[in-house]
Structure formats: structure tokens, C-alpha cells
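Reviewing the structure listed below.
Positions are given from 1 along the sequence. All heavy atoms count here, side chains included; hydrogens, waters and symmetry mates do not.
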Amino acid sequence: MNQNPLTFSNRFSLLGDINSENKIHQTKENLELLGNVILDLTNSNPTKLGLEFPANAISHIFSSLDLSQYEPVPEGLESTRQSIVSDYEKRGVSAQTSDLTLTSSTSEAYSYIFKLFTNPGDEILTPNPGYPLFSFLIGLENLKEVHYPLKENTETGKWTYSAETIANCISTKTKLILLVSPANPTGSRTTAKFWKEWEELGIQIPILLDEVFVGYEFSGEPHTIPSSPNFPLLICNGFSKLLALPGFKLGWILNKSPKIYHSEIQKNLGFIADTYLSVNSLVQLATPELLPWKSMIQNRIRTRIMRNLSICHLYLKENPKIKNISGVEAGWYFIFEMNLDTKDEDLVLDILTKAKVFFHPGSWYEFSHNRCFLVISLISEEETLRQGLEAFLSYLK
């Protein structure tokens with residue numbers, strides 16, 4: 001007797017062909033297997049680039065913890081949340097421990113918020129250009145991603161948020177709007193001017209504000225959080241970029257919503273958190289000792305970013321085959337547009353094969369397929385970046 005074939009959730013159909021081989025990554029892997037040294041200008045993992053949290057400090061912090069007790073607090077330990085609140089207050093952002101829900105990562109924070117506000121088939125607005133992970137997080141919740149365009153200034157190369165443009169993309173199925181500030185990879189920010197324009201529109205659709213790159217602004221108007229928003233606002237952050245500790249898996253949701261929404265949001269987030277109880281106790285206990293290292297960690301990373309920005313401008317500014325250098329003012333990425341009638345993925349593959357230098361094509365971040373953008377990590381090791389750009393310029397000759 002024939003058995004019914006194994007079937008999987010229709011979530012996967014929203015994600016495209018997840019089993020298809022990425023030709024660029026496969027080529028890179030094959031070249032490395034043949035013994036080629038690839039100058040990877042895309043690595044953004046600080047623990048692999050000499051920007052890791054000091055190992056001796058981590059050992060000392062964890063050696064002094066009392067690990068014998070387990071307190072399953074759904075929202076997270078009070079002492080942990082108080083340390084995070086204190087950090088927000090140093091930034092001038094008012095918060096209380098009752099505003100916070102801890103998660104095991106910002107990705108998990110997203111999933112909590114998706115569960116909080118949406119039903120299958122609902123729409124979530126995301127920035128375009130933007131980060132490709134959003135599509136997977138949204139698809140796995142059986143939701144639909146709808147892009148709103150960032151506003152491009154072709155003279156300065158800057159990409160900005162437009163309240164009016166976002167509002168024009170809202171439909172009856174829109175249940176959540178996602179903003180990233182500073183944005184990845186464009187460095188776009190939610191400025192005071194943006195929030196003023198948004199609040200004047202009076203839209204009550206909840207906003208998820210991802211600020212994982214906050215602290216890495218280097219010019220232009222600052223990232224801003226509205227002090228008393230007139231709409232539901234949930235802010236996500238975590239240790240991955242804040243402390244260069246992506247492996248420690250601690251994130252959080254800060255509820256800055258108006259009083260009319262606040263308690264109900266917290267109650268439902270608490271129910272979701274209690275269902276999973278996913279946050280690691282060791283990281284929670286260590287948080288009060290880890291957070292004071294933030295300034296040192298971020299200063300090191302900002303120093304690397306500023307040096308690499310100078311290197312990128314030095315090597316790329318005057319080349320006639322480079323059409324435009326992005327005016328990125330924040331974050332960990334550098335973008336430039338080629339003055340070539342070539343698809344960015346084809347160009348990246350050709351550079352990888354001939355020059356042994358690896359860039360990301362802009363289309364992976366939803367830049368137009370009709371234009372040729374390349375993306376570089378600004379926390380690359382400086383010598384790798386220099387060598388990679390030298391090899392790239394030789395390739396262009």
C-alpha cells in the first residue's frame with residue numbers, strides 16, 4: 001500500500017527555493033578548496049576580525065557568578081532588565097524594567113512581535129533596500145513582506161526614510177511596520193524630523209524599530225527615539241553589535257507604546273516569553289558586568305570603521321568605472337555603484353574568479369537589479385581591505 005508523501009508547512013513556499021545552491025558562495029567555496037586565498041570584504045562577524053570582547057574579562061565575569069539557582073522569570077531577571085534600563089537612561093531614553101522583555105536574540109524578538117500583532121497572510125512593511133533576513137523571519141510566520149522604498153539622494157548617495165512614502169504603502173492587511181535605524185546596509189536613520197512627520201500622520205499601526213547598530217553613527221543627523229510616541233512602538237536591540245558578542249544570544253524588546261496600549265502589549269509579550277523561556281540564565285546573570293564594557297568595545301569598532309571609510313574613499317573615489325560612492329553615515333557597511341552595464345551578481349562572480357576578492361552584490365539587499373551596486377563590510381581587517389581593493393582596481397584596468 002502506498003503511503004501519502006511527506007508534506008511540509010506552506011511557510012517554505014513563501015521563502016522560494018531554500019535548497020537552491022547560491023552560485024557565488026559555491027564558487028567561493030570551490031576556489032578555497034583548491035587552495036586559493038580569497039580576500040573577503042564582506043565579513044561582519046567581529047569575533048573573526050580582531051574586534052572580539054576580551055576573553056580574560058569574560059572568564060573573570062563568569063567565574064564570579066552564582067550559577068546554582070534558576071529563576072524562570074518570563075520577562076527576564078529584574079537585575080538584567082535594570083542594567084539595560086540604566087544603559088538606555090545614559091542615552092537619554094526613559095525606560096523602566098516593566099517596559100522590557102528579554103529574548104535570546106533580536107531575531108527571536110522579531111518573532112515575538114510578529115506573533116503579537118499578526119495572523120497568517122497579514123502584511124509587514126520592510127525597508128527597500130534592506131536586510132535579506134527579514135524575508136525569512138516573515139515567511140516562517142506565514143506572513144507577507146511588502147517593501148516600502150527608501151528615498152535616494154543621487155547627489156549625496158544617501159538613503160533616508162520618508163514618512164509619506166511609508167504611509168502610501170500601507171494596505172488594509174498591513175499589521176506592522178519595520179524600521180531599522182541605523183539601517184543595514186544604507187545607514188539610514190529615524191531622525192527627529194522623521195518622527196515629527198510620522199506622528200503628524202496619526203497612523204496607529206505598530207512599529208518595530210530595530211536599533212542594533214545604534215552607537216555606530218559617524219556623521220549626519222543622529223538616530224532618535226520618540227520620547228512619547230502617539231502610536232505603538234517596540235524597540236529591539238541586543239548584545240550582537242552592542243558588545244560584539246553575537247554568540248551570547250541576548251536581545252530584548254523595549255515597549256515605548258502609549259499608556260492605552262502598553263499594559264496589554266506587555267501582558268501578551270509576557271505570555272509568549274513564558275511559553276518559550278528561552279533566555280540563557282548565565283548571560284542574564286552576567287549582564288550587569290558585561291554592559292560597562294560597551295564604550296570600550298564600540299570605540300574600537302568605530303575606530304576600525306572610520307579608518308576603513310578613509311581607505312574606501314582613497315581607493316575608490318576617482319575611478320571612472322565607479323559611478324557613485326554612497327554617503328553612508330552610520331552602520332557597518334559601505335556601498336558603491338559601478339558605472340558598468342553588468343548585473344551585480346555577474347560582476348561579483350567575475351571579480352571573485354579572476355581577482356579572488358569577494359564583495360556582496362547590492363541585489364542581495366534589494367538594491368535595483370537594473371543598477372550595479374557592491375557592498376563592503378566596514379569592520380573588515382584593514383590590511384585585508386587594502387589588499388582587496390588593490391586587487392579590485394587591478395581587475396578594473
Side-chain angles (χ1 to χ4, degrees), residues 23-25 27-28 31 37-44 49 127-132 149-160 182-188 213 216-220 304-397:
K23 186 176 181 180
I24 293 173
H25 280 298
T27 299
K28 179 175 180 287
L31 287 168
V37 175
I38 304 300
L39 295 166
D40 187 349
L41 305 189
T42 71
N43 195 338
S44 60
L49 298 168
N128 182 300
Y131 193 53
L150 297 177
K151 210 169 176 183
E152 181 186 11
N153 185 322
T154 54
E155 292 184 3
T156 63
K158 296 175 185 176
W159 300 77
T160 57
N184 177 10
T186 59
S188 313
F213 285 103
Y216 300 108
E217 304 101 317
F218 34 87
S219 62
R304 172 78 62 85
I305 288 169
M306 297 310 296
R307 287 176 178 167
N308 282 344
L309 263 177
S310 297
I311 291 170
C312 287
H313 281 280
L314 177 67
Y315 279 87
L316 301 176
K317 197 166 186 179
E318 302 300 330
N319 192 292
K321 292 185 179 179
I322 296 173
K323 182 177 181 180
N324 185 34
I325 290 178
S326 172
V328 170
E329 298 175 325
W332 288 11
Y333 294 88
F334 183 86
I335 309 158
F336 61 100
E337 183 178 4
M338 299 301 299
N339 194 18
L340 298 172
D341 187 20
T342 307
K343 289 185 178 180
D344 58 0
E345 289 190 331
D346 292 340
L347 179 62
V348 165
L349 191 59
D350 199 50
I351 297 167
L352 178 61
T353 304
K354 295 177 179 176
K356 308 301 184 290
V357 182
F358 183 41
F359 295 93
H360 276 169
S363 57
W364 287 4
Y365 299 86
E366 303 295 342
F367 285 94
S368 171
H369 286 268
N370 296 322
R371 297 166 68 181
C372 189
F373 286 96
L374 300 182
V375 181
I376 293 173
S377 167
L378 281 173
I379 65 166
S380 301
E381 291 183 318
E382 293 168 49
E383 188 54 33
T384 300
L385 180 61
R386 286 182 188 276
Q387 291 178 16
L389 291 180
E390 287 172 359
F392 171 61
L393 292 179
S394 297
Y395 162 88
L396 291 179
K397 290 179 180 176

Can you give me the closest heavy-atom contact between [X] and [Y], atom names plus distance?
{"X": "I24", "Y": "L352", "value": "O-CD2, 3.6 Å"}
{"X": "L347", "Y": "C372", "value": "CD2-SG, 3.5 Å"}
{"X": "P182", "Y": "G331", "value": "CB-N, 4.3 Å"}
{"X": "M338", "Y": "I322", "value": "SD-CG1, 4.0 Å"}
{"X": "F373", "Y": "D344", "value": "O-CB, 3.6 Å"}
{"X": "L41", "Y": "S380", "value": "O-OG, 3.6 Å"}

Looking at residues at least two apart in the chain, or sitting in another chain, which of them share a side-chain hydrogen bond (donor to acceptor under 3.5 Å, both in side chains) with [X]?
{"X": "E155", "value": "none"}
{"X": "E345", "value": "W364"}
{"X": "N324", "value": "none"}
{"X": "T42", "value": "D40"}

Applying salt bridge (Lys or Arg N to Asp or Glu O under 4.0 Å) as the test, list every pair that has at least one member in residues 351-374; sequence neighbours left out.
E152-R371, E337-R371, D350-K354
Non-neighbouring partners of [X] that pass side chain to side chain contact (heavy atoms under 4.5 Å, CB included), sequence neighbours left out:
{"X": "P132", "answer": "Y365"}
{"X": "S394", "answer": "none"}
{"X": "K151", "answer": "T160, S162"}
{"X": "L49", "answer": "N43, R304, I379, E381"}

W332: which residues meet the ring-ring contact (aromatic ring centres under 6.0 Å, His included) condition with it, sequence neighbours left out?
F213, Y216
With a 4.5 Å heavy-atom cut-off, do [X] and [Y] have their side chains touching?
{"X": "I311", "Y": "N308", "answer": "yes"}
{"X": "L385", "Y": "C312", "answer": "yes"}
{"X": "M306", "Y": "L309", "answer": "yes"}

Distance check, rounded to the nearest 0.5 Å: [X] atom [atom1] versus [Y] atom [atom2]?
{"X": "T353", "Y": "K28", "atom1": "OG1", "atom2": "NZ", "answer": "12.5 Å"}
{"X": "I335", "Y": "I325", "atom1": "CD1", "atom2": "CD1", "answer": "12.0 Å"}
{"X": "L374", "Y": "S363", "atom1": "CG", "atom2": "OG", "answer": "9.5 Å"}
{"X": "Y333", "Y": "L378", "atom1": "OH", "atom2": "CG", "answer": "9.5 Å"}

Backbone N or O of Y131 within a donor-acceptor pair of the N184 side chain at under 3.5 Å?
no
Under 3.5 Å, is there a donor-acceptor pair between the side chain of S326 and the main chain of F334?
no
Residue pairs meeting ring pair (Phe, Tyr, Trp, His ring centres under 6.0 Å), one or both in residues 376-397, sequence neighbours left out, come to F336-F392, F359-F392
Enumerate the side chain to side chain donor-acceptor pair (under 3.5 Å) contacts for residues 310-321, please, sequence neighbours excluded, ordered by first and then second residue.
Y315-E390
More than 12 heavy atoms of other groups within 6.0 Å of N153 CG
yes
